[in-house]
Number of protein chains: 2
Amino acid sequence: MQDIADKLGLSKGTVSLVLSGKARGSRVSEETCRKVRQTAEEMNYQPNEIARSLSTGKSMSIGVIVTDISNEFFGNLTFHIQEQAKKYGYTVITTNTNESLEEFNDAVTNLLNKQIDGIIFVPVVGGEKVAEKIIKRHLPVVQVDRYFPDMKASYIIVDNYKVSAEITELLIKKGNRRIAVVCYDIDLNALRERRQGYIDTMNRYGLLDTTLIKDINYEDQEEQIKQAIIDLKNNPDKVDAIFFCSRRVFITGVKHMHREGIKIPEDMEVLCFDKIDSFSIANIPIHYIEQPIGEMGKKAVDILIEQINGANDIKQYVLDAEIKHSI
Amino acid sequence: MQDIADKLGLSKGTVSLVLSGKARGSRVSEETCRKVRQTAEEMNYQPNEIARSLSTGKSMSIGVIVTDISNEFFGNLTFHIQEQAKKYGYTVITTNTNESLEEFNDAVTNLLNKQIDGIIFVPVVGGEKVAEKIIKRHLPVVQVDRYFPDMKASYIIVDNYKVSAEITELLIKKGNRRIAVVCYDIDLNALRERRQGYIDTMNRYGLLDTTLIKDINYEDQEEQIKQAIIDLKNNPDKVDAIFFCSRRVFITGVKHMHREGIKIPEDMEVLCFDKIDSFSIANIPIHYIEQPIGEMGKKAVDILIEQINGANDIKQYVLDAEIKHSI
DNA sequence: AATGATTAGTTAACCGGTTTAGCTATTGAA
DNA sequence: TTCAATAGCTAAACCGGTTAACTAATCATT
């Protein structure tokens with residue numbers, strides 16, 4: 001800017017006014033504006049956003065903290081967040097927590113120091129204190145996919161309970177009595193709700209049987225899922241269907257169903273919480289729940305930007321997921 | 001910093017020296033260091049990285065430009081890049097190009113203005129001029145997955161030709177004569193090489209037949225892949241196997257093979273370039289090529305950081321992919 | 001006593017923008 | 001002719017760090 005000013009015999013301030021589009025209000029002549037813009041072009045001037053940020057206190061970038069971007073769900077979510085942020089002219093810094101509290105903390109600290117304008121994050125078990133740090137700074141924040149119940153902050157999630165109840169009921173109405181559930185035993189409200197939606201519905205129809213509930217330890221999942229499938233196959237009272245509470249459990253579960261020679265859907269039907277891109281390579285009918293990932297990502301950004309622009313009401317959305325069927 | 005300095009009757013400079021760890025060289029007393037650090041803690045001082053960046057000219061963040069982070073391959077790649085960058089203390093800003101030249105250009109411009117320390121990017125067709133902008137700024141850069149042949153810059157890619165030739169040969173040696181290929185007609189060297197690896201190998205064995213080569217237009221892929229499958233099914237000289245040149249083509253292709261009642265592997269075997277997380281839900285044997293995504297991501301970061309730290313030799317790695325088999 | 005070396009810390013410029021008070025010259029009205 | 005209003009621009013502070021150059025005091029050495 002100084003170079004442009006020197007070349008035109010103007011001051012740095014004037015050049016800044018023109019280039020930042022604030023020339024009209026402060027009345028810089030049409031002529032000068034044209035010359036400044038032309039010279040900037042000629043000299044291939046590119047603004048230094050860092051300097052601008054320091055001055056304005058706005059970095060024009062937002063932080064996104066997810067569990068693991070290589071996971072189909074979070075990859076999709078992040079994609080939609082990025083595309084929406086792009087529309088608002090915001091840049092996105094993404095970090096993975098790998099479900100670790102320490103990494104979550106590091107991510108938050110780092111983003112705060114980077115003077116980020118807002119944060120969209122997927123809560124990590126035990127991360128309330130860390131999240132409070134964001135609130136204390138009065139930094140706009142939106143939780144996605146999960147939320148801390150005691151935190152006064154915006155969130156946008158899916159009604160896990162409701163859709164799980166619905167899909168269970170759907171299967172019951174189709175004539176299934178013996179529906180099993182396979183779910184991680186992790187203490188995430190999303191997972192608890194999916195499991196509970198199933199349990200309450202089965203109960204309501206008087207079909208609940210604890211031998212149909214298979215809780216899987218995350219660390220030892222391959223083995224435990226395999227065992228769960230074998231158990232269900234050998235259940236004295238024939239099992240009609242299995243509800244897998246998440247993507248990965250479904251993939252591993254179906255694999256072992258194949259290995260055990262369980263025919264889908266003749267022997268058992270399968271339900272999957274989450275859509276998988278490649279359902280169609282499995283030549284079987286699959287009932288699945290499709291979360292509105294795109295809407296969730298877009299809306300999270302919308303809410304965040306509103307807050308960045310001054311809104312200070314907390315928005316908490318609970319979206320409905322859809323029940324679908326492959327093949 | 002000024003506040004800390006005031007409270008202790010020191011100068012801002014001294015506080016900066018202590019807090020940035022340069023106190024030893026500039027000899028600030030042990031006592032003063034301790035007091036500064038303690039007071040910083042008490043006042044909950046957090047450095048403003050933006051200010052630091054402006055001053056040092058280093059933003060401690062790198063840009064990553066991929067095609068589409070929601071794609072399993074790029075999601076994985078980005079994940080490994082982020083994890084490795086974290087180790088070096090670098091933050092990652094990710095952007096998607098959606099294979100669009102314009103978006104690629106916007107991303108580069110934006111990252112340059114953000115005073116990023118280096119860029120890792122997946123080339124976009126026609127993006128040579130845009131990439132030159134990075135080079136002209138003498139900004140460290142690493143291309144991944146693809147590369148611009150005429151650009152003097154580091155890259156790290158997989159030997160698409162070689163592994164495609166190998167997998168074709170493997171199938172031939174297993175007794176297959178009529179191997180087809182289904183590939184996008186996009187002008188990406190990665191895809192061209194996969195196709196060519198197949199063609200040259202078939203040729204070498206005297207098995208090449210152009211009715212076995214199916215080029216798919218990206219925009220109309222669903223329909224064209226379907227038609228390709230039907231064509232191959234009806235090929236007068238029975239087709240033994242199909243080599244799908246990428247993930248998505250494979251998924252769509254296998255779907256239509258199922259629909260057409262083609263039995264895998266009895267009627268035809270299938271080959272997929274790229275590993276898919278959920279291969280196991282398809283109860284069929286699949287020959288696939290697994291790219292060393294983790295290594296590619298990690299190495300890309302290593303090379304970039306080396307360059308950021310002053311190395312100015314161009315590194316060009318061609319990694320080997322592995323041939324594997326599901327079930 | 002003079003000199004040099006060392007220790008401990010200060011000063012002030014600088015990074016590259018933004019922003020606002022205020023200055024000057026011109027125009028228009030009284 | 002005089003004064004106010006306005007247009008057009010400048011000067012300088014500011015954002016929050018970093019760092020080269022400098023000062024001042026102490027200690028060791030000759």
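First the proteins, then the strands, lettered A, B, ... as listed; each starts at 1. The basis for the numbers below is simple: all heavy atoms, side chains too, and nothing from hydrogens, waters or symmetry mates.
Looking at heavy-atom distances under 4.0 Å, Ile50(B) makes no contact with the nucleic acid at all. Using a 4.0 Å heavy-atom distance criterion, Thr14(A) is classed as a base contact. Ser16(A) comes within 4.0 angstrom of a base, heavy atoms only. Within the 4.0 angstrom heavy-atom criterion, no nucleotide atom of any strand lies near Gly21(A).
Taking atom NZ of residue Lys35(B) and atom C1' of nucleotide dA8(C), one finds them 12 Å apart after rounding to whole Å. Rounding to whole angstrom units, CG of residue Leu54(A) and C1' of dC14(C) are separated by 12 Å. One atom, CD of Glu49(B), and another, C1' of dT18(D), lie 13 Å apart when rounded to the nearest Å. In this structure, the CD atom of Glu31(B) is 14 Å from the C1' atom of dG9(C), given to the nearest Å. Rounded to a whole Å, the CD atom of Glu30(B) is 20 Å from the P atom of dT6(C). What separates CG of Asp3(A) from P of dC15(C) is a distance of 11 Å, to the nearest Å. Whole-Å rounding puts the Lys22(B) NZ to dG17(D) C1' distance at 10 Å. Atom CD in Gln46(B) sits roughly 19 Å away from atom P in dC15(D) (whole-Å rounding).
Distance from the side chain of Leu10(B) is smallest to dG9(C) among dG9(C), dG17(C), dT19(C). Of the listed nucleotides (dT19(D), dG16(D), dT18(C)), dG16(D) has the atom at the smallest distance from the side chain of Ser55(B). With dC15(C), dG9(C), dT19(C) as the candidates, the nucleotide lying closest to the side chain of Thr32(B) is dG9(C).
Of the possible polar contacts, one joining the Ser20(A) side chain to the Ser16(A) backbone as a donor-acceptor pair under 3.5 Å is found. Side-chain N or O atoms of Asp159(A) include none that pairs as donor or acceptor with a backbone N or O of Leu319(A) at under 3.5 Å.
Both Lys12(A) and Ser29(A) lie close to DNA chain D; mapped to their nearest nucleotides by heavy-atom distance, the more 5′-ward contact belongs to Ser29(A). DNA chain C is contacted by both Thr56(A) and Ser11(B); Ser11(B) maps to the nucleotide lying nearer its 5′ end (nearest heavy atom per residue).
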Scan the side chains in residues 137-146 of chain A for donor-acceptor partners under 3.5 Å anywhere in the protein, sequence neighbours excluded, and list what turns up.
residue	atom	partner	partner atom	Å
Gln143(A)	OE1	Phe148(A)	N	2.7
Gln143(A)	NE2	Ser154(A)	O	3.4
Arg146(A)	NH1	Glu99(A)	OE2	2.7
Arg146(A)	NH1	Pro123(A)	O	2.8
Arg146(A)	NH2	Glu99(A)	OE1	3.2
Arg146(A)	NH2	Glu99(A)	OE2	3.4

Identify each donor-acceptor pair in which a side-chain atom of residues 69-83 of chain A lies under 3.5 Å from a protein atom, sequence neighbours left out, and give them as a table.
residue	atom	partner	partner atom	Å
Ser70(A)	OG	Asp68(A)	OD1	2.7
Ser70(A)	OG	Asp68(A)	OD2	3.2
Asn71(A)	OD1	Phe73(A)	N	2.9
Glu72(A)	OE1	Arg247(A)	NH1	2.6
Glu72(A)	OE2	Asp277(A)	N	2.7
Asn76(A)	ND2	Glu72(A)	O	3.1
Thr78(A)	OG1	Phe74(A)	O	2.7
His80(A)	ND1	Asn76(A)	O	3.0
Gln82(A)	OE1	Asn96(B)	ND2	2.7
Gln82(A)	NE2	Thr94(B)	OG1	2.9
Glu83(A)	OE1	Asn98(B)	ND2	3.1
Glu83(A)	OE2	Lys86(A)	NZ	3.2
Glu83(A)	OE2	Asn96(B)	ND2	3.3

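Between Thr109(B) and Gln46(A), the closest side-chain pair of non-hydrogen atoms falls below 4.5 Å.
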